[in-house]
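Note sheet for the following structure.
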2 protein chains.
Amino acid sequence: MRSALATDSDLLNAIEDRGYRITSTRRVIAGAIEESPDGFTAEQICGRVPGVGRATVYRAIKLFHEVEVICKMALPDGAPRYAVDTGGRHHHHTICTGCGAVQDFRASTIERVLKAIEADVDGQITGHRMEIYVTCQTCLASAD
Amino acid sequence: MRSALATDSDLLNAIEDRGYRITSTRRVIAGAIEESPDGFTAEQICGRVPGVGRATVYRAIKLFHEVEVICKMALPDGAPRYAVDTGGRHHHHTICTGCGAVQDFRASTIERVLKAIEADVDGQITGHRMEIYVTCQTCLASAD
DNA sequence: ATATTACTGAGACAAAGTATCGTCAATCGC
DNA sequence: GCGATTGACGATACTTTGTCTCAGTAATAT
Ligand SMILES: [Zn+2]
Ligand SMILES: [Zn+2]
Ligand SMILES: [Zn+2]
Ligand SMILES: [Zn+2]
């Protein structure tokens, strides 16, 4: 039952709800992820959890992604970046190409347009991906 | 001058216009790419140009991408896929997750919404990425 | 024809994972 | 509580999608 294992971590709660185990290793990894408000890469997490195997970090990230508590996005060159999924509802991200800071955004207009496009498309739409690349205020200010 | 080297290949013409050389190796690679109406992966091209080094294929693809005669996109899992850029104008792609077939699409509404979003964004928009994933008619029909 | 420069192939290296496997730990049944 | 079962772990090899280096070769310039 949840009460015995309850944590204040949304990441851990999410995997527990799906029947995965909460282990000390996963606690540590979840902690490192939750300390990354602006997004993170898998290797950054590896660097912050010494003693934990790289494969285990990748397995945990994959798990958190599967249960939809972290978002995976792509930089302009395709390099992956992750961020904690704070909302839950369908959304997209702005990513600063200078510092990597990630912010969520929702644009219902875009979702409606996508729905309307379905008529023009050969086949059935099964999903979409969208990222907006920005230079954030901090990077703009420091680039004088 | 162009006349001495003129080809019927948009890919080769594009790199020649930027001062790169047209070599027999690049002719072969461009030929293989232009035989791929539904998109291709780099490794598929490697497989179709025996005798050409893998690094050379990747260098050529990068070059064609830089001069904007091929488009690079991402499958849902992030795996890269390429397609010949037949239009030139800004556009996005629908990609069939069954067979990989790529089609261009333009949606001026989306571009306008993106422009409007700039006001809500922390910083300056520098670019965006969007892909629509579909199951194409052919794959729908053969999945009975 | 020679000099210059770009291009090429081989192979090492890199980033972002995934697969295998023997060991170990968390949970379940009693 | 205690052993059995199942899942998780770490190490390491392997895969994919490239990039880098370097010596040799082809294309252009004069
Ligand atoms: Zn998000
Ligand atoms: Zn959306
Ligand atoms: Zn295109
Ligand atoms: Zn666009």
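In what follows, every chain begins at residue 1, and chains take the letters A, B, ... in the order their sequences are listed. As a basis for the values below, the full set of heavy atoms in this structure was taken, side chains included, without hydrogen atoms, waters or symmetry mates.
Heavy atoms of A/R26 sit under 4.0 angstrom from primed sugar atoms or phosphate atoms, though from no base atom. Nucleic acid contact for B/T56: base, since at least one base atom lies under 4.0 Å from a heavy atom of the residue.
OP1 or OP2 of D/dG18 lies within a sub-4.0 Å distance of a side-chain N or O belonging to B/K72. Within the structure, every side-chain polar atom (N or O) of A/K62 is placed at least 4.0 Å from both OP1 and OP2 of D/dA8. Checking the phosphate oxygens (OP1, OP2) of D/dC9, a side-chain nitrogen or oxygen of A/T25 falls inside 4.0 Å.
Judged by distance alone, with hydrogens and angles left aside, A/R54 brings no side-chain donor or acceptor close enough to the base of D/dG10 to form a pair under 3.5 Å.
The C1' atoms of five pairs define one axis at each end of the helix from C/dA1-D/dT30 to C/dC30-D/dG1, and these two axes lie 30° apart (to 10°).
Scored by the side chain to side chain donor-acceptor pair (under 3.5 Å) test, B/T25 finds no partners at all (sequence neighbours excluded). Shown here are the ring-ring contact (aromatic ring centres under 6.0 Å, His included) partners of B/Y82, two or more places apart in sequence or in another chain: B/F40.
Each of B/V52 and A/A79 was matched to the nucleotide of DNA chain C holding its nearest heavy atom; the match closer to the 5' end belongs to B/V52. In this structure, B/R21 and B/G51 both approach DNA chain C, and ranking their closest nucleotides by distance from the 5' end singles out B/R21.
Here the closest heavy-atom approach between residue B/R81 and residue B/T41 is recorded as NH1-CG2, 3.9 Å.
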